[in-house]
Amino acid sequence: MNELRLISSNCFDIPKRIRELDDNYRLYYNVRKDVIELHSLRRNPTFQMVMPYKQLDARAVEYVRRTRVDKILDEINQIDEYNQKLEEKIINRTMDEFNTKMKSVVNYMNRGGSELPSYSEL
């Protein structure tokens with residue numbers, strides 16, 4: 001870790017604000033790559049991501065907030081719920097259409113039809 005320099009503070013308190021998201025987060029400046037990296041002391045290896053910005057400002061805090069693993073899991077759960085509702089809606093619409101067609105077949109047969117009607121007769 002010789003090329004990493006801990007960023008403990010800046011004029012906007014960005015390292016502190018990022019630690020508020022997760023107390024294990026630390027920001028490092030990678031001297032060799034000339035980038036700012038996010039590390040988590042909870043993980044091994046600690047590296048999490050490279051910050052997409054050269055300066056530390058409010059965008060960095062928002063970026064970390066949006067890309068957190070637990071946030072991503074919440075997004076996946078929301079997508080799953082949406083897909084489940086969509087699937088139920090499609091099943092219900094298909095069942096409604098099926099019931100309508102079956103009623104038409106029963107009515108047709110009750111009117112004396114001896115054969116199943118064609119699709120256009122329904």
Side-chain angles (χ1 to χ4, degrees):
M1 287 181 107
N2 291 341
E3 69 261 4
L4 296 179
R5 304 285 183 257
L6 177 65
I7 303 171
S8 57
S9 65
N10 76 345
C11 62
F12 301 117
D13 286 329
I14 300 302
K16 179 183 175 189
R17 290 167 59 191
I18 287 178
R19 279 194 307 275
E20 287 173 357
L21 298 174
D22 186 331
D23 196 41
N24 292 302
Y25 282 164
R26 298 294 183 270
L27 290 173
Y28 289 93
Y29 176 70
N30 189 320
V31 177
R32 190 169 51 84
K33 296 179 182 177
D34 189 30
V35 294
I36 299 170
E37 298 178 352
L38 178 70
H39 289 253
S40 175
L41 302 179
R42 190 181 316 170
R43 309 257 189 262
N44 192 10
T46 63
F47 176 79
Q48 297 295 301
M49 69 178 159
V50 172
M51 301 300 288
Y53 313 110
K54 290 285 186 189
Q55 300 85 17
L56 283 177
D57 53 27
R59 297 175 303 171
V61 176
E62 185 59 30
Y63 185 76
V64 172
R65 183 179 290 122
R66 279 193 337 252
T67 57
R68 289 182 55 166
V69 171
D70 55 340
K71 179 72 172 171
I72 291 172
L73 294 176
D74 288 342
E75 294 292 324
I76 290 171
N77 288 336
Q78 287 178 359
I79 291 169
D80 286 344
E81 288 175 15
Y82 174 80
N83 287 339
Q84 180 68 30
K85 288 177 183 177
L86 185 62
E87 185 177 337
E88 289 172 5
K89 184 178 177 181
I90 290 170
I91 289 171
N92 289 338
R93 187 175 7 171
T94 303
M95 289 303 293
D96 289 344
E97 186 177 321
F98 174 78
N99 286 334
T100 302
K101 297 296 180 186
M102 279 308 290
K103 286 178 186 176
S104 296
V105 168
V106 169
N107 288 339
Y108 181 83
M109 298 300 281
N110 286 338
R111 288 192 311 255
S114 58
E115 298 177 13
L116 287 177
S118 67
Y119 189 80
S120 62
E121 292 176 300
L122 299 175

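Everything quoted here is computed from the prediction, not taken from an experiment.
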Do NZ/NE/NH1/NH2 and the carboxylate oxygens of E62 and R65 come within less than 4.0 Å? yes
Same cluster or not: are L56 and V35 linked, directly or through other Ile, Leu, Val, Met, Phe, Trp or Tyr residues, by side-chain heavy atoms under 4.5 angstrom apart? no
Decide if atom CZ of F12 counts as having more than 12 heavy atoms of other residues, nucleotides or ligands within a radius under 6.0 Å. no
Between I14 and N10, what is the shortest heavy-atom contact and its length? N-OD1, 3.0 Å
Closest heavy-atom contact between L27 and L6? O-CD1, 3.5 Å
To the nearest 0.5 Å, atom CZ of R42 lies from atom CG of N24 at 4.5 Å
Looking at every heavy atom in both L21 and V64, which two are closest together, and how far apart are they? CD1-CG1, 3.8 Å
For the atom pair CG (L86) and CD (Q84), what is the distance rounded to the nearest 0.5 Å? 10.0 Å
If I compare all heavy atoms of P15 with all of S8, which pair ends up nearest, and what's the gap? CB-O, 3.7 Å
Side-chain heavy atoms under 4.5 angstrom apart, residues restricted to Ile, Leu, Val, Met, Phe, Trp, Tyr: same cluster for V31 and V50? no
D34 backbone acceptor or donor facing K54 side chain under 3.5 Å: yes
Please report the interatomic distance CZ(R66) to CD(E75), rounded to the nearest 0.5 Å. 10.5 Å
Start with the C-alpha distance between E20 and K16, add both sets of side-chain angles, then the distance that settles side chain to side chain contact (heavy atoms under 4.5 Å, CB included), and finish with yes or no. CA-CA 6 Å; E20 287 173 357; K16 179 183 175 189; 4.1 Å; yes
Is there a path of hydrophobic side-chain contacts, each under 4.5 Å between heavy atoms of I/L/V/M/F/W/Y residues, joining Y25 to M49? yes
Approximate separation, where rounding is to 0.5 Å, of E97 CD and N92 CG: 13.0 Å
Quick one, E37 with M51, criterion side chain to side chain contact (heavy atoms under 4.5 Å, CB included). Give me CA distance, side-chain angles, the key distance, then yes/no. CA-CA 6 Å; E37 298 178 352; M51 301 300 288; over 6 Å; no
Chi angles and distances behind the side chain to side chain contact (heavy atoms under 4.5 Å, CB included) call for F98, M102: CA-CA 6 Å; F98 174 78; M102 279 308 290; 3.6 Å; yes
Sorted by chain and residue number, the side-chain hydrogen bond (donor to acceptor under 3.5 Å, both in side chains) partners of R19 (sequence neighbours excluded) come out as none
Value rounded to 0.5 Å, distance of NZ in K33 from CG in L4: 8.5 Å
Any link between F47 and I18 through a network of hydrophobic side chains (Ile, Leu, Val, Met, Phe, Trp, Tyr) touching at under 4.5 Å? no
Derivation and outcome, side chain to side chain contact (heavy atoms under 4.5 Å, CB included), residues S40 and T46: CA-CA 5 Å; S40 175; T46 63; 5.7 Å; no
Over all atoms of both residues, closest heavy-atom pair of Y29 and I36: CD1-CG1, 4.2 Å
Can any side-chain N or O of R26 pair as donor or acceptor with the backbone N or O of D23 at less than 3.5 Å? yes
State plainly whether one hydrophobic cluster holds both Y82 and I90, where clusters connect Ile, Leu, Val, Met, Phe, Trp and Tyr through side-chain heavy atoms under 4.5 angstrom apart. yes
